[in-house]
Amino acid sequence: YYFPFKNNVLFSVGSDGLMSFPNHGWGIQIHVKNSSKNTTEPFFKEYPTINCNAPFIESSQKINDLICKSSLCFDDKSTTGELSLSFQNKNVKSRKITICIAIIPYVQEGIGAIKEIQYLSNDSFLINDSSRIQFEQSPTNIVCSEFSNGDIFNVSLNWDMVLSAKCNDF
């Protein structure tokens, strides 16, 4: 799905759940951490659906005994969006859920470009000195890394609190 906004901002969502801003060169991917295996797996297992009455995307899937739901809505006048995630545990045992959100240099068309990313003290990330992502809650771990270090989800399993990264090859 592609959504055009004012100021030539374009947002897209792929069948794998990759949310991206193609004309900014970066995207967001979400994984759920599997603590027993020390791995992550994609949050989106099924193709998201779109509400034709508004820029509103929904997804619901089951990961083991966990029902995961997401909704993404936009204010098309300001090009801001809000992503909401909810979980329902269907197991009798309580469980801790770790959500991994990656800001990556990929868009649906292929490789994008992140020259610099940094975490700011107000629970937000600044990307290429022009884009900002704000979190409602403070992350428990932040890992900024270069492409040469490998997949960010794998790197994040072993690193803690790396608050910025710059790509000198940009």
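Everything quoted here is computed from the prediction, not taken from an experiment. Index from 1, following the sequence.
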- Message: If you define the side chain from C-beta out and look only at heavy atoms, does anything of Ile67 sit under 4.5 Å from Phe87?
- Response: no
- Message: For a quick test of reading the model, state the closest non-hydrogen atom pair linking Phe153 to Gln29 and the distance between them.
- Response: CZ-O, 3.6 Å
- Message: Once rounded to the nearest 0.5 Å, what's the spacing between atom CD1 of Ile99 and atom SG of Cys68?
- Response: 6.5 Å
- Residues forming a side chain to side chain contact (heavy atoms under 4.5 Å, CB included) with Gln137, sequence neighbours excluded: none
- Message: Taking the side chain as everything from C-beta on, heavy atoms only, tell me whether Thr98 gets closer than 4.5 Å to Val32.
- Response: no
- Message: For residues Ile133 and Met161: do they belong to one hydrophobic cluster (side chain heavy atoms under 4.5 Å, members Ile, Leu, Val, Met, Phe, Trp, Tyr)?
- Response: yes
- For the residue pair His24 and Phe21, does the interplanar ring angle fall in the parallel (under 30°), tilted (30 to 60°) or perpendicular (over 60°) class? perpendicular
- Query: Are the side chains of Leu83 and Ile30 in touch, meaning some heavy atoms are under 4.5 Å apart?
  - Reply: yes
- Message: Just verifying a value: how many Å separate Lys69 NZ and Gln88 CD, rounded to the nearest 0.5 Å?
- Response: 7.0 Å
- Message: Rounded to the nearest 0.5 Å, what separates atom CD1 in Ile97 from atom CG in Asn89?
- Response: 6.5 Å
- Residues forming a side chain to side chain donor-acceptor pair (under 3.5 Å) with Asn149, sequence neighbours excluded: Ser145
- Item | Pairwise distance CD1(Ile127) to CH2(Trp26) - rounded to 0.5 angstrom | 4.0 Å
- Item | side chain to side chain donor-acceptor pair (under 3.5 Å) against Asn141, all qualifying residues, sequence neighbours excluded | Asp160
- Can you name the closest pair of heavy atoms from Pro105 and Ala113 and give their distance? CB-N, 4.2 Å
- Test side chain to side chain contact (heavy atoms under 4.5 Å, CB included) applied to Leu126 - qualifying residues, sequence neighbours left out: Gln118, Leu120, Asp129
- Item | side chain to side chain contact (heavy atoms under 4.5 Å, CB included) between Ile104 and Ile28, intermediate numbers included | CA-CA 6 Å; Ile104 57 175; Ile28 299 170; over 6 Å; no
- Note on the structure: Sorted by chain and residue number, the side chain to side chain donor-acceptor pair (under 3.5 Å) partners of Tyr119 (sequence neighbours excluded) come out as Asp123
- Rounded to the nearest 0.5 angstrom, the CG-CD1 distance for Leu85 and Ile101 is 6.0 Å
- Parallel, tilted or perpendicular: which describes the rings of Phe125 and Phe135, with under 30° parallel and over 60° perpendicular? perpendicular
- Sequence-distant partners of Ser124, side chain to side chain donor-acceptor pair (under 3.5 Å), two or more places apart: Asn122
- Note on the structure: Taken to the nearest 0.5 Å, the spacing of Lys33 NZ from His31 NE2 works out to 14.0 Å
- Would you check if the side chain of Asn128 reaches a backbone N or O of Ser130 as a donor-acceptor pair within less than 3.5 Å? no
